[in-house]
Amino acid sequence: MKAGSKLERMLESGNFTVTGEIGPPKSCNGEIVRHHAKMLKGYCESYNLTDNQTAIVRLSSIGAGKILLEEDCEPNIQIVCRDRNRIAIQSDVLGAAALGMKNILCLSGDHQKFGNHPTSKNVYDVDSIQLIKILDGMRNGYFANGEQMKDEPPKIFIGCAANPFADPFEFRVTRLEKKADAGADFTQTQCVLDMERFDRWMELVRARGLHKRIKILAGITPMKSVKAAKYMNKYVAGMMVSQEYIDRLDKAEDVKAEGVNIACEQIEHLKKMEGIAGVHIMAIAWEEIVPEICKRTGLDPRPEV
Amino acid sequence: MIIAERKPIEEILGLLSRHQKVLVLGCGGCVTVCLAGGEKEVGILSSQLAMARSKEERPLEVVQQTVERQCDFEYLEGIRHIVKDVDAILSLACGIGIQTCAEAFPDKIVWPGVNTKFLGVNLNVGEWAERCQACGQCVLDKTGGICPVARCSKSIFNGPCGGSQDGKCEVSPDTDCAWALIHDRLTRLGEVDSLREIMPVKDWSYSRDGGPRKLVREDLELESGK
Ligand code: SF4
Ligand code: SF4
């Protein structure tokens, strides 16, 4: 065990694992985080707390993580490379560990151009792969400069993202391999809205034996509207929605219900897929649907580990 | 080369509002090539300024001059006699030329007439693109001759990030993804496997982050007998 988090224990047990996501608010109102924690409690092993997602200033992921701990939910702290240099990141990692947070997810971060402070300066002192390496060094007792820690190292279970829907397609597998090489223990993929492409990507992953080196959780996002699906497909870089799903939503009488149907079918499909360790359900601004999805797919109740 | 773009005329008129006589000083280097501050642009801007001010009935006397290179003290020496008689200098050189000018003429106001944009290349008529950020420790040997520092929107070293699609960067469909370019070029050269290696964290101390940089070459100093 690297950190002994619930997430790590579940993944190690071989049970199909479930993680969720909570987007902190654009205010200091921690009750919003608490409300979502209470709503999702017991359905997931751990909950990602986004780090100023889409470059919009929000309650910090570590701050939100503390609230989750109070609610007896396990946080997965996201850290993006956009806003902090290696000094600030390492300091935050120590802070998070001191508060009892054990899972950290390393990301590049969306460019600030899309956020609410597009005139700001970005940092990118390190990139997401280098960040994984720094965290791996830290848990082994070394700072990024090679200096040995005088005290107990932070216990961290390291995560990363993988995007099978970005390009160049085959290199996306190499990039996951680099993340595994850097020390990542698990990966959560971009939301799968094109299963055919995801299947092909997983074939390449398995061909390289990567699924044996890093736990892969497939991203699930229930779609709420046809418009949103089309928009994501067309305008969001690194996202793809298959025509099949768009057509199904288009024809459906109850679009939201069909979105949930698709998500549940995907989970059933993924349960059987070799190399998939679980799912990461991202239903930002639709958190209340998560329990239903988990119940329908038999992911609730969660096994004890 | 250094790419610059002339500041808007209104902004320049604002800068010069309290002067009666100015020197519009061009440079024969990069800004001539990128059509921002060479002899021709000096001429055009000078007449625009004079015209605008005479309309306001506050005439401005404009002296025009273009030196070979404004970032060279030597060339600035030759215009000392002109500088003496003007209220201020409007420099159309890049930020380096403007500063050299200010340093050469410590008692004279020097205004910037251009926005210095980046170190780049001329792609098409009227189109320039960034290529280098002078990071101080070049990594082009590892990236197929395509710079991730200047050309990746996030300056990452192990790209492409998850926002790369169809060869374009997540920031705009008009921006090539540097890492897609790197990947494609190394594939063409049969060296794409080199990208499997993790590029280590960069030592930014060679870049601006280490404080203002200075280069001293002792071999040349010795040679010149200093
Ligand atoms: S690596 Fe550094 S020196 Fe080389 S082209 Fe890029 S910014 Fe310029
Ligand atoms: S899309 Fe490409 S160029 Fe843009 S930030 Fe990502 S890796 Fe860099």
Side-chain angles (χ1 to χ4, degrees), chain A residues 54-55 80-82 85-86 107-114 118 122-134 136-137 144-146 160-183 189-190 208 219 233-240, chain B residues 133 135 137 139 142-144 146-188 191-210:
Chain A
T54 59
V80 301
C81 300
R82 180 191 59 229
N85 69 7
R86 62 191 89 166
L107 301 160
S108 304
D110 303 310
H111 196 271
Q112 76 275 12
K113 186 178 172 185
F114 304 106
N122 62 30
V123 180
Y124 292 111
D125 175 26
V126 300
D127 64 31
S128 60
I129 293 180
Q130 293 164 343
L131 176 58
I132 294 167
K133 238 184 142 158
I134 289 176
D136 189 49
N145 60 355
C160 64
N163 189 355
F165 309 101
D167 291 320
F169 179 63
E170 281 173 28
F171 195 74
R172 301 323 303 185
V173 181
T174 304
R175 202 147 183 272
L176 179 61
E177 186 175 47
K178 285 177 86 165
K179 291 181 177 185
D181 290 346
T189 77
Q190 170 72 291
R208 281 209 207 159
N233 189 40
K234 205 160 169 201
Y235 297 110
V236 182
M239 283 193 90
M240 279 183 184
Chain B
Q133 274 190 8
C135 76
Q137 231 184 10
V139 299
K142 294 188 188 67
T143 57
I146 293 157
C147 174
V149 182
R151 298 174 73 179
C152 163
S153 303
K154 299 175 187 169
S155 294
I156 64 175
F157 289 89
N158 295 281
C161 76
S164 177
Q165 209 161 37
D166 297 324
K168 299 296 172 190
C169 171
E170 70 176 35
V171 302
S172 152
D174 304 324
T175 306
D176 287 332
C177 167
W179 277 99
L181 294 173
I182 294 168
H183 172 268
D184 293 352
R185 186 165 150 82
L186 290 177
T187 304
R188 213 175 306 124
E191 287 178 11
V192 74
D193 274 352
S194 66
L195 292 183
R196 292 174 85 151
E197 211 169 290
I198 296 171
M199 268 173 87
V201 287
K202 188 168 175 67
D203 182 347
W204 291 107
S205 70
Y206 291 92
S207 190
R208 237 297 303 173
D209 309 86

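In what follows, chains are A, B, ... by sequence order, proteins preceding strands, each numbered from 1. The model shown is predicted, which means the values in this text are computed figures rather than measured ones.
Contact of B:Pro173 with chain A is not made at all, since no heavy-atom distance falls under 4.5 Å. For A:Asn122, the part sitting under 4.5 Å from any heavy atom of chain B is the side chain, from C-beta outward, and nothing else. Looking at A:Val123, neither its backbone nor its side chain comes within 4.5 Å of chain B, counting heavy atoms on both sides. The contact between A:Asn163 and chain B is made entirely by side chain atoms (from C-beta outward), counting heavy-atom distances below 4.5 Å.
Between A:Phe165 and B:Gln165 the shortest heavy-atom distance is O-NE2, 2.9 Å. Across all non-hydrogen atoms, the minimal contact from B:Cys161 to A:Ala166 is O-CB, 4.5 Å.
More than 12 heavy-atom neighbours from other residues, nucleotides or ligands sit within 6.0 angstrom of CD on B:Gln137. Crowding of A:Phe169 atom CZ: a count of heavy atoms from other residues, nucleotides or ligands under 6.0 Å exceeding 12.
Between the side chain of B:Lys202 and the backbone N or O of A:Val126 there is no donor-acceptor pair closer than 3.5 Å. Under the 3.5 Å distance criterion, the side-chain polar atoms of A:Lys113 are left unmatched by any main-chain donor or acceptor of B:Glu170.
Side-chain contact between B:Val201 and A:Ile134 is present, with heavy atoms from C-beta onward closer than 4.5 Å.
The OG1 atom of A:Thr174 sits 13.5 Å away from atom CD of B:Glu197, with the distance rounded to the nearest 0.5 Å. Separation of atoms CG (B:Asp209) and CG (A:Asp125) is listed at 7.5 Å; rounding is to 0.5 Å.
Comparing A:Gly109, A:Cys81, A:Ala161, A:Ser128 by heavy-atom pairs within less than 4.5 Å of chain B, the highest count is held by A:Gly109. Between chain B and the options A:Arg82, A:Lys179, A:Gln130, the largest number of non-hydrogen pairs under 4.5 Å is found for A:Gln130. Between chain A and the residues B:Lys168, B:Arg196, B:Met199, the largest count of heavy-atom pairs under 4.5 Å involves B:Arg196. Contact count against chain A (heavy-atom pairs under 4.5 Å) is highest for B:Pro160 among B:Gly159, B:Pro160, B:Ser155. Interface summary for chain B: among A:Glu177, A:Arg172, A:Met239, A:Met240, the most heavy-atom pairs under 4.5 angstrom belong to A:Arg172. Contacts with chain A were tallied for B:Phe157, B:Trp179, B:Trp204; B:Trp204 has the most, counting heavy-atom pairs under 4.5 Å. Heavy-atom pairs under 4.5 Å with chain A peak, among B:Asp184, B:Ile156, B:Asn158, at B:Asn158. Of the listed residues (B:Ile198, B:Val192, B:Thr187, B:Asp166), the one with the most heavy-atom contacts under 4.5 Å to chain A is B:Ile198. The candidate with the highest count of non-hydrogen atom pairs below 4.5 Å against chain B, out of A:His111, A:Gln190, A:Arg86, is A:His111.
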